[in-house]
Amino acid sequence: ARHRLATQEHRAKIVDAERSLLGRPYGYAKIGAHAADYALTQVWNLASGRGDVYAFRWLCRMERYPMCSWKSLYSYRKAGLPFSTALSTGSPDDLADECLRKTPTIWSWPFISPAIRDELLDPGTGDDEGRTK
């Protein structure tokens with residue numbers, strides 16, 4: 001997906017933020033922390049219905065070890081185009097949900113096949129810019 005409001009300056013800031021993360025080890029343990037919080041959330045919600053639990057992710061405090069969703073949230077935040085998802089709790093599913101919820105006003109989907117795009121999004125969402133044949 002591409003952010004429709006991103007200017008050349010925003011894109012440069014996103015690239016700078018991504019470059020600042022080069023060389024850091026991937027946060028594989030964070031995936032486990034997300035999974036543990038998800039499992040705890042399921043148990044917690046059965047008991048009280050309170051919502052997302054942020055326990056294992058809080059205990060891990062692994063900002064030195066980025067993972068894919070954190071890198072996206074971090075880079076867009078540094079560029080001044082933040083997601084509504086919190087940096088500390090964001091997951092790939094949260095990012096996808098936000099992109100789908102704000103389509104087509106904010107996000108364009110130029111690299112998705114027309115069949116998948118029409119199944120997931122409103123028909124005609126996005127454009128053909130950058131698509132390979």
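- Of the possible donor and acceptor atoms, one in the side chain of Glu98 sits under 3.5 Å from a partner among the backbone N and O of Ser84.
- A distance of 15.5 Å separates CD in Glu18 from NZ in Lys13, rounded to the nearest 0.5 Å.
- Applying the side chain to side chain donor-acceptor pair (under 3.5 Å) test to Lys71 and every residue at least two apart in sequence or in another chain returns nothing.
- Between Arg4 and Ile106, the closest side-chain pair of non-hydrogen atoms is not below 4.5 Å.
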Derivation and outcome, side-chain contact (heavy atoms from CB on, under 4.5 Å), residues Ile31 and Tyr26: CA-CA 10 Å; Ile31 296 170; Tyr26 187 78; 4.0 Å; yes

Trace of the side-chain contact (heavy atoms from CB on, under 4.5 Å) decision for Val15 with Arg19: CA-CA 6 Å; Val15 169; Arg19 282 188 181 137; 3.6 Å; yes

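- Residues Ala33 and Phe56 approach most closely at O-CB, 3.8 Å, considering heavy atoms.
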Test side-chain contact (heavy atoms from CB on, under 4.5 Å) applied to Leu21 and Trp70, step by step: CA-CA 11 Å; Leu21 300 173; Trp70 185 90; 3.8 Å; yes

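- For the residue pair Cys99 and Phe83, the shortest heavy atom distance occurs at SG-CE2, 4.0 Å.
- Between His10 and Leu5, the closest heavy-atom pair is ND1-O, 3.7 Å.
- In terms of heavy-atom proximity, Leu73 sits nearest to Ala86 at CD1-O, 3.7 Å.
- Shown here are the side-chain contact (heavy atoms from CB on, under 4.5 Å) partners of Ser72, two or more places apart in sequence or in another chain: Leu95.
- Asp94 places no side-chain N or O within 3.5 Å of a backbone atom of Thr85 that could act as its donor or acceptor partner.
- When all heavy atoms of Asp37 and Ala55 are compared, the pair lying nearest together is OD1-N, 3.1 Å.
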Verdict with supporting geometry, Trp107 and Arg2, side-chain contact (heavy atoms from CB on, under 4.5 Å): CA-CA 5 Å; Trp107 295 98; Arg2 286 188 177 174; 5.5 Å; no

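- Side-chain atoms of Asp16 and Lys78, non-hydrogen and from C-beta on, never get closer than 4.5 Å to each other.
- When all heavy atoms of Ser75 and Ile14 are compared, the pair lying nearest together is O-CG1, 3.8 Å.
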